[in-house]
Amino acid sequence: MKERLAGFLLMSAIVPMAIAGYLLLVCVGIAGSTARGRAGVRALDHFVNATLFNGYAWESVSSHAWRARERRWARVVIRLTDLFQRGHCQRANKREQPLVDLMLAKGLHKQTIF
């Protein structure tokens with residue numbers, strides 16, 4: 001219960017900042033630094049993976065899709081990304097899997113509040 005309350009309070013502060021960050025990301029994408037825009041999109045990708053796809057916060061949707069490629073949602077993601085870059089999800093997973101393995105080995109996926 002304490003963790004849920006702390007999560008609610010934290011999200012009450014973070015969600016407005018996330019919305020502002022998204023709006024800023026749109027502006028940066030149009031007229032700002034490419035590196036800053038890329039970092040924002042990468043962070044948004046990890047956020048979407050963690051929230052919508054129940055993945056790890058340090059992994060992209062593409063990498064997660066390759067790990068879960070037997071699931072329907074993952075096959076859809078793989079097909080969509082293949083339209084733009086053949087083998088994208090497999091390459092993303094090859095690049096990110098060592099990080100996922102390290103985070104799991106260090107226990108960084110476990111509860112950290114209370």
Side-chain angles (χ1 to χ4, degrees):
M1 187 63 180
K2 286 182 185 179
E3 184 178 15
R4 289 186 187 272
L5 180 60
F8 174 77
L9 293 173
L10 186 61
M11 289 308 297
S12 295
I14 290 177
V15 168
M17 289 189 292
I19 293 169
Y22 172 75
L23 295 173
L24 181 61
L25 180 59
V26 170
C27 295
V28 167
I30 293 170
S33 160
T34 303
R36 185 174 182 182
R38 190 178 301 118
V41 169
R42 186 174 298 120
L44 187 59
D45 183 12
H46 290 214
F47 171 76
V48 167
N49 183 51
T51 56
L52 296 181
F53 296 105
N54 195 28
Y56 299 121
W58 52 82
E59 182 180 37
S60 67
V61 172
S62 300
S63 177
H64 185 190
W66 188 255
R67 276 192 310 105
R69 59 189 173 272
E70 70 283 348
R71 308 227 14 218
R72 186 182 330 174
W73 71 265
R75 289 192 303 267
V76 170
V77 169
I78 291 168
R79 276 191 229 115
L80 284 173
T81 58
D82 277 351
L83 294 174
F84 299 97
Q85 184 184 36
R86 196 98 178 109
H88 171 81
C89 292
Q90 184 177 12
R91 280 194 300 280
N93 182 259
K94 184 178 180 181
R95 182 179 62 246
E96 295 176 24
Q97 192 61 49
L99 179 60
V100 169
D101 293 341
L102 176 66
M103 295 298 142
L104 292 173
K106 298 288 184 180
L108 295 179
H109 63 294
K110 296 180 181 171
Q111 180 176 333
T112 58
I113 298 176
F114 306 113

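Below, all heavy atoms of this structure are taken into account, side chains as well, without hydrogens, waters or symmetry copies. From a predicted model like this one, the values you see are computed outputs, not experimental measurements. In this chain, residues are counted from 1 in sequence order.
- The number of heavy-atom neighbours closer than 6.0 Å to CZ of Arg71, taken from other residues, nucleotides and ligands shown, is 12 or below.
- Partners of Ser60 by side chain to side chain donor-acceptor pair (under 3.5 Å), not counting sequence neighbours, listed by chain and number: Glu96.
- Under the side-chain contact (heavy atoms from CB on, under 4.5 Å) criterion, Val28 pairs with Leu24, Arg36, sequence neighbours left out.
- Side-chain atoms of Arg38 do not come within 3.5 Å of backbone N or O of Ala35 as any donor-acceptor pair.
- Shown here is Asp101, whose CG atom has more than 12 heavy atoms of other residues, nucleotides or ligands within 6.0 Å.
- Cluster partners of Leu10 are Ile14, Met17, counting Ile, Leu, Val, Met, Phe, Trp and Tyr whose side-chain heavy atoms approach within less than 4.5 Å, directly or via other members.
- Scored by the side-chain contact (heavy atoms from CB on, under 4.5 Å) test, Leu99 finds Trp58, Met103 as partners (sequence neighbours excluded).
- Hydrophobic cluster membership is shared by Tyr22 and Ile19, with clusters built from Ile, Leu, Val, Met, Phe, Trp and Tyr side chains linked at under 4.5 angstrom.
- The hydrophobic cluster containing Val15 does not contain Leu5, counting ILVMFWY residues as joined when their side-chain heavy atoms lie under 4.5 angstrom apart, directly or transitively.
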Atom pairs and distances, donor-acceptor, side-chain atoms in residues 43-52, under 3.5 Å, two or more places apart:
{"residue": "Asp45", "atom": "OD1", "partner": "Val61", "partner atom": "N", "Å": "3.0"}
{"residue": "His46", "atom": "ND1", "partner": "Ala57", "partner atom": "O", "Å": "3.2"}
{"residue": "Asn49", "atom": "OD1", "partner": "His64", "partner atom": "ND1", "Å": "2.6"}
{"residue": "Asn49", "atom": "ND2", "partner": "Tyr56", "partner atom": "O", "Å": "3.0"}
{"residue": "Asn49", "atom": "ND2", "partner": "Glu59", "partner atom": "O", "Å": "2.9"}
{"residue": "Thr51", "atom": "OG1", "partner": "Phe47", "partner atom": "O", "Å": "2.8"}

Under 3.5 Å, side-chain donor or acceptor atoms of residues 82-94 against the rest of the protein: list the pairs with distances, not counting sequence neighbours.
{"residue": "Asp82", "atom": "OD1", "partner": "Gly87", "partner atom": "N", "Å": "3.0"}
{"residue": "Asp82", "atom": "OD2", "partner": "Arg86", "partner atom": "NH1", "Å": "3.1"}
{"residue": "Gln85", "atom": "OE1", "partner": "His88", "partner atom": "ND1", "Å": "2.7"}
{"residue": "His88", "atom": "NE2", "partner": "Ser62", "partner atom": "OG", "Å": "3.0"}
{"residue": "Arg91", "atom": "NH1", "partner": "Arg86", "partner atom": "O", "Å": "3.0"}
{"residue": "Arg91", "atom": "NH2", "partner": "Arg86", "partner atom": "O", "Å": "3.0"}
{"residue": "Asn93", "atom": "ND2", "partner": "Ser63", "partner atom": "O", "Å": "3.3"}
{"residue": "Asn93", "atom": "ND2", "partner": "Ser63", "partner atom": "OG", "Å": "3.2"}
{"residue": "Asn93", "atom": "ND2", "partner": "Gln97", "partner atom": "OE1", "Å": "3.0"}

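- The backbone N or O of Glu70 sits less than 3.5 Å from a side-chain atom of Arg75, completing a donor-acceptor pair.
- Under the side-chain contact (heavy atoms from CB on, under 4.5 Å) criterion, Lys110 pairs with no residue at all, not counting sequence neighbours.
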